[in-house]
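Heads up: the structure comes next, in C-alpha cells.
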Amino acid sequence: EVLSNSNYKLPTEGLEKNYIINPKSISGATITLGESLTYTGNELTQEVESVVLDGTTLIKDVDYVIKNNTGTNVNTYTLTVEGKGNYKGSVSKDFEIIKQKVNLPTSNTNLVYTGTEVTGVSASNLYDVVDGTAVNAGSYTATVTLKDSVNYEWIEEFDGTVEYSISKAQLTISVED
C-alpha cells in the first residue's frame with residue numbers, strides 16, 4: 001500500500017534498514033558503595049548501592065556485574081563493575097575493611113591478699129597480659145598487647161599498661177581466756 005497525501009507519494013518498498021547499536025562504555029560510571037566493612041575474621045562482601053552513568057541508574061545483573069568485591073583482613077581492595085547487555089567495559093572502585101575496635105582492659109577491683117596468686121588484670125582472646133597476677137599486697141602494673149594488631153585496634157588511645165592493687169588482709173587475732 002502506498003502512503004500519500006495530496007502533495008507526496010511515499011514508497012513502501014526499500015524503507016527497511018538494519019542498524020547496529022553498539023554497547024555504551026561504562027567506564028565513566030559513578031559507583032556508590034554500601035555500608036563500610038569492619039573486620040570480623042570472616043570473608044566480607046562490599047555491596048554496591050548504585051552505579052550511575054550519565055544520570056541513569058544502571059540495574060545490577062542486567063546492565064552490569066560486580067567482581068572482586070570480597071575480602072577478609074584489614075586492607076584496601078579494588079572491586080570492578082563490568083558492563084553487560086547494552087553496556088561494555090569496566091570501572092573500578094576501592095573499598096576498605098577497617099580494624100575492629102577493642103575495649104580497653106580494666107583491672108579487677110577489691111583484691112585482697114590471700115597468700116595465693118591473685119589476678120589483677122585478666123587476659124582475653126584478643127589481648128595478652130604480662131604481670132597481670134601477683135601474690136603479695138601492693139601496687140602493680142600489667143602490660144597489655146593486642147594479639148593481632150593488623151586487624152584490631154584499641155577503641156581509644158592506650159599506653160598498654162593497667163594499674164591494679166592488692167590490699168593487705170585483715171589480721172584477726174583470737175584471744176582465749
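Below, each value reflects all heavy atoms present in this structure, side chains not excepted, and no hydrogens, waters or symmetry copies.
Lys88 has its side chain out of reach of Lys24: every pair of non-hydrogen atoms, C-beta onward, lies at least 4.5 Å apart. At a threshold of 4.5 Å between non-hydrogen side-chain atoms, the residues Leu79 and Leu33 count as touching. A 4.5 Å side-chain heavy-atom check between Asn151 and Lys99 finds every atom pair outside the cut-off. Proximity of Leu126 to Lys147: side-chain heavy atoms (C-beta onward) are nowhere separated by under 4.5 Å.
A pairwise comparison of heavy atoms in Ala137 and Tyr113 identifies N-CD1, 4.0 Å as the closest pair. The two residues Trp154 and Pro105 make their nearest non-hydrogen contact at CZ3-CD, 3.5 Å. Nearest heavy atom pair, residue Ser122 against residue Val129, reads O-CG2, 3.7 Å. Annotation for Thr78 and Ser92: closest pair CG2-CB, 3.7 Å, computed over non-hydrogen atoms. In plain terms, the two heavy atoms of Glu43 and Thr72 that are nearest each other are CA-OG1, 3.5 Å. Here the closest non-hydrogen pair linking Gly132 and Ala142 is CA-CB, 3.9 Å.
Test Val118, Thr119, Ile166 against Asn108 for side-chain contact (heavy atoms from CB on, under 4.5 Å) and you get one pass: Thr119. The side-chain contact (heavy atoms from CB on, under 4.5 Å) test with Val81 is passed by exactly one of Ile26, Asn69, Leu58: Ile26.
With rounding to the nearest 0.5 Å, the separation of OG in Ser139 from CD in Glu163 is 7.5 Å. With rounding to the nearest 0.5 angstrom, the CD1 atom of Ile66 is 11.0 Å from the CD atom of Glu82. Remark: Leu44 CG to Leu37 CG distance equals 5.5 Å, nearest 0.5 Å. In this structure, CD on Glu156 lies 9.0 Å from CG on Asn103, to the nearest 0.5 angstrom. Atoms NZ and CD1, from Lys84 and Ile59 in turn, are 11.5 Å apart once rounded to the nearest 0.5 Å. The distance from the CG atom of Leu146 to the CD atom of Glu153 is 9.0 Å, given to the nearest 0.5 Å.
Val65 and Val51 sit in two unconnected hydrophobic clusters of ILVMFWY residues. Membership requires side-chain heavy atoms under 4.5 Å apart, directly or through other members. Both Val102 and Phe158 are assigned to one and the same hydrophobic cluster, defined by single-linkage of ILVMFWY side chains at heavy-atom distances under 4.5 Å. In the hydrophobic cluster analysis, where Ile, Leu, Val, Met, Phe, Trp and Tyr join through side-chain heavy atoms closer than 4.5 angstrom, Tyr127 is grouped together with Leu104. Note on Ile98 and Tyr77: separate hydrophobic clusters, where clusters join Ile, Leu, Val, Met, Phe, Trp and Tyr whose side-chain heavy atoms are under 4.5 Å apart, directly or indirectly. Val150 and Ile155 fall into different hydrophobic clusters, where Ile, Leu, Val, Met, Phe, Trp and Tyr residues are linked whenever their side-chain heavy atoms come under 4.5 Å apart, directly or through other members.
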Worksheet entry | side-chain contact (heavy atoms from CB on, under 4.5 Å) assessment of Thr32 paired with Val52 | CA-CA 8 Å; Thr32 302; Val52 178; 5.9 Å; no
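Ring geometry for Tyr39 versus Tyr152: interplanar angle over 60°, hence perpendicular rather than tilted (30 to 60°).
Within a 6.0 Å sphere centred on CG of Asn75, other residues, nucleotides and ligands contribute more than 12 heavy atoms.
Partners of Ser149 under the side-chain hydrogen bond (donor to acceptor under 3.5 Å, both in side chains) rule, at least two apart in sequence or in another chain, do not exist in this structure.
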